[in-house]
Asks: 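Got a structure for you, written out below as structure tokens; questions coming shortly.
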Amino acid sequence: MDRDYLIDLFADFGPVTIRKMFSGFGISADGTNFALALRAGLYFRADEQSIPQFEAEGSKPFQYQTRAKTVTVNSYWELPARLFDDSEELSVWARTALAAAQRAAMKKRPKVRKAVKVAVKKAAASKKKKAVKRKPPSSRP
């Protein structure tokens, strides 16, 4: 799949950003990546709410092979082939994928904030330890 084909494919969905990624392209909307075009397949972001829809179509999650094993990425599922000829329904699936990607991003955000808070607390504690305690001025008669 080339960039122009992908732009045409998502015409009914709305504007998308297409960036080179791995051996294909990452597809995003509003700054959120929701699809991957890899190895002649198009994979949409999925979660517990949308995976049953992919399963009902006989779709499979994205997989790749390492030297030692096959890795399955359950967060991206192959788009059913019939949708390549139905841009309106593809748009519905794309909106569902974008929503799944946004939910995943929301789940990650509190962890990032928590990590930042922990780092700030550690830095503050480190500064306290490094601070030299000053002795109060001694009273002289």
Asks: So which heavy atom on Gly41 is nearest to which on Glu78, and how close?
Replies: CA-OE2, 4.4 Å
Asks: So, taking the atom named OH in Tyr43 and the one named OG in Ser59, what distance separates them when rounded to the nearest 0.5 Å?
Replies: 8.5 Å
Asks: Looking at every heavy atom in both Met21 and Gly26, which two are closest together, and how far apart are they?
Replies: CB-N, 3.7 Å
Asks: Does Ser28 reach the main-chain N or O of Gly31 with its side chain, forming a donor-acceptor pair under 3.5 Å?
Replies: no
Asks: Set out, in order, the CA-CA distance, both residues' side-chain angles and the distance that settles side-chain contact (heavy atoms from CB on, under 4.5 Å) for Tyr64 and Phe22, then state yes or no.
Replies: CA-CA 12 Å; Tyr64 64 93; Phe22 309 117; over 6 Å; no
Asks: Should Phe25 and Arg19 count as side-chain neighbours, where that means a heavy-atom distance under 4.5 Å?
Replies: no
Asks: Side chain of Asp30, backbone of Thr32: donor and acceptor closer than 3.5 Å?
Replies: no
Asks: What do you reckon, is CG of Asp12 surrounded by more than 12 foreign heavy atoms closer than 6.0 Å?
Replies: yes
Asks: What distance do Thr17 atom OG1 and Ile27 atom CD1 have between them, rounded to the nearest 0.5 Å?
Replies: 10.5 Å
Asks: So Tyr5 and Phe84, would you call those rings parallel, tilted or perpendicular, with 30° and 60° as cut-offs?
Replies: parallel
Asks: Taking atom CD as the centre, does Glu88 end up with more than 12 heavy-atom neighbours from other residues, nucleotides or ligands that are less than 6.0 angstrom away?
Replies: no
Asks: Say you draw a straight line from CE of Met1 to CG of Leu42; how long is it, rounded to the nearest 0.5 Å?
Replies: 5.0 Å
Asks: Following the transitive rule for hydrophobic clusters with a side-chain heavy-atom cut-off under 4.5 Å over Ile, Leu, Val, Met, Phe, Trp and Tyr, establish whether Val92 and Phe10 coincide in one cluster.
Replies: no
Asks: What are the two closest non-hydrogen atoms of Leu98 and Ala29, and how far apart are they?
Replies: CD1-O, 3.9 Å
Asks: How about Arg82: does its CZ atom have over 12 heavy atoms from other parts shown lying under 6.0 Å from it?
Replies: yes
Asks: Please determine if Arg45 forms a cation-pi arrangement with Tyr76, meaning its NZ or CZ atom is less than 6.0 Å from the six-membered ring centre and no more than 45° off the ring axis.
Replies: yes
Asks: Which pair of non-hydrogen atoms, one from Ile51 and one from Asn74, has the smallest distance, and what is that distance?
Replies: CD1-O, 3.8 Å
Asks: Can you see which heavy atom on Gln63 is nearest to which on Thr72, and at what distance?
Replies: NE2-OG1, 3.1 Å
Asks: Glu48: which residues meet the salt bridge (Lys or Arg N to Asp or Glu O under 4.0 Å) condition with it, sequence neighbours left out?
Replies: Lys107
Asks: Between Phe13 and Ala94, which heavy-atom pair has the shortest distance, and what is it?
Replies: CD1-CB, 3.5 Å
Asks: Would you check if the side chain of Asp4 reaches a backbone N or O of Ile7 as a donor-acceptor pair within less than 3.5 Å?
Replies: no
Asks: Would you check if the distance from the ring center of Trp93 to the ring center of Phe34 is below 6.0 Å?
Replies: no
Asks: Calculate, to the nearest 0.5 Å, the distance between atoms CG and CD belonging to Leu79 and Glu89 respectively.
Replies: 9.5 Å
